[in-house]
Amino acid sequence: MADSSSSSLSSLLGDDERRTSPIPYRVKPLEYEPPIECKCKKKAAMWISWSDDNPGRRYLKCFKARDGGCDFIGWFEGPHHPFVQTLLIDLRDAVWSLKKQKASLRQAVAELVEKVEGLEDKVDELKEENARLDGFEGEKEYLEGKVERLEREKKLMRVLCAVLFVVAVFLRFG
């Protein structure tokens, strides 16, 4: 079961997103007791694994492992029950999926805002053109209709932006 969710997750998320913790750490890596030293004789950092094999399981690693520290690594606690492990994988995948959806919605809102701003510019241009053509009544009526349609489209785009914003907020805090 973990293999199928893991392969579908690979297509959803890039490698960098898969390496991030789905939730913020409540305790910093060096804020645990009693201290456990690595081979460098420094306090080892405590991290949380989010791999399919060990989701939510805490482990210790040399704090400077990336900067030439030692190769110390060890589990802080034993493995989870298989049911809990599957549940943690599903929850991790759901959080990552929601984060991806949130990013997509933010992008969509930004694109709609840009489109609305472009429509506002078009409306302003048409209003200026309408003022210049004041003497041509037929063309003026045509342009007024066009301005009204653009105004309606602008209002619709604003409503869409508001809806997408509400959805993004709901996904973030809901």
Side-chain angles (χ1 to χ4, degrees), residues 1-29 31 45-59 66 80-134 136-174:
M1 183 168 168
D3 290 332
S4 65
S5 66
S6 151
S7 63
S8 64
L9 183 65
S10 298
S11 62
L12 286 174
L13 300 171
D15 285 340
D16 289 340
E17 291 168 312
R18 286 193 53 134
R19 289 187 197 129
T20 61
S21 177
I23 57 169
Y25 281 85
R26 291 184 179 187
V27 177
K28 295 191 179 186
E31 293 179 1
M46 184 184 304
W47 303 102
I48 301 173
S49 169
W50 288 105
S51 69
D52 287 347
D53 294 334
N54 297 294
R57 193 170 166 201
R58 295 180 296 175
Y59 66 96
R66 290 187 179 178
H80 296 298
H81 183 277
F83 172 76
V84 173
Q85 182 173 340
T86 302
L87 183 63
L88 285 169
I89 290 170
D90 291 344
L91 290 171
R92 174 205 65 192
D93 293 351
V95 168
W96 281 340
S97 176
L98 288 171
K99 285 182 176 184
K100 186 165 181 71
Q101 288 176 9
K102 178 183 168 187
S104 295
L105 286 171
R106 282 182 183 252
Q107 179 64 34
V109 167
E111 289 170 3
L112 286 172
V113 165
E114 190 176 313
K115 192 170 184 178
V116 165
E117 289 170 352
L119 288 173
E120 288 173 342
D121 291 344
K122 279 186 178 180
V123 167
D124 291 341
E125 288 172 14
L126 287 173
K127 284 180 179 178
E128 289 173 14
E129 188 176 336
N130 189 23
R132 282 191 303 256
L133 298 174
D134 201 22
F136 303 101
E137 202 57 44
E139 288 183 25
K140 182 179 177 183
E141 289 176 12
Y142 167 76
L143 289 175
E144 285 174 347
K146 198 170 182 180
V147 167
E148 288 176 12
R149 285 190 299 278
L150 285 172
E151 289 284 350
R152 285 193 301 266
E153 190 174 339
K154 180 174 87 172
K155 287 178 185 177
L156 177 63
M157 291 305 225
R158 284 187 174 155
V159 169
L160 286 173
C161 284
V163 168
L164 281 173
F165 178 76
V166 169
V167 168
V169 167
F170 176 76
L171 286 174
R172 170 72 169 108
F173 298 106

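Everything numeric in this text was worked out from a predicted model, so none of it was measured.
A search for side chain to side chain contact (heavy atoms under 4.5 Å, CB included) contacts involving Leu126 returns Glu129, Leu143, Lys146, Val147, Leu150, not counting sequence neighbours. With sequence neighbours left out, the side chain to side chain contact (heavy atoms under 4.5 Å, CB included) criterion links Ile23 to Ser21, Trp50. The side chain to side chain contact (heavy atoms under 4.5 Å, CB included) search around Tyr59 returns Trp47, Ser49, Lys61, Ile73, Trp75, not counting sequence neighbours. By the side chain to side chain donor-acceptor pair (under 3.5 Å) test, Asn54 is found to be paired with Arg57, residues two or more places apart in sequence or in another chain being considered. Listed by chain and number, the residues in a side chain to side chain contact (heavy atoms under 4.5 Å, CB included) with Arg152 are Glu148, Arg149 (sequence neighbours excluded).
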Task: Derivation and outcome, salt bridge (Lys or Arg N to Asp or Glu O under 4.0 Å), residues Glu125 and Lys122 - done: CA-CA 5 Å; Glu125 288 172 14; Lys122 279 186 178 180; over 6 Å; no
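Taking each heavy atom of Pro22 and Arg92 in turn, the nearest pair found is CG-CG, 3.8 Å. For the residue pair Asp53 and Gln85, the shortest heavy atom distance occurs at O-NE2, 3.0 Å.
Considering NE2 of His81 and CG of Leu87, their distance stands at 12.0 Å, rounded to 0.5 Å. Atoms CE and NZ, from Met46 and Lys28 in turn, are 15.5 Å apart once rounded to the nearest 0.5 Å.
Here the side chains of Leu156 and Glu153 are not in contact, with every heavy-atom distance at 4.5 Å or above.
For the pair Ser97 (side chain) and Asp93 (backbone), a donor-acceptor distance under 3.5 Å is absent.
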Please report, to 0.1 Å, the donor-acceptor pairs under 3.5 Å made by any side chain of residues 101-120, with sequence neighbours excluded.
| unit_1 | atom_1 | unit_2 | atom_2 | d |
| --- | --- | --- | --- | --- |
| Ser104 | OG | Lys100 | O | 3.2 |
| Gln107 | NE2 | Glu111 | OE2 | 3.0 |
| Glu120 | OE2 | Arg158 | NH2 | 2.4 |

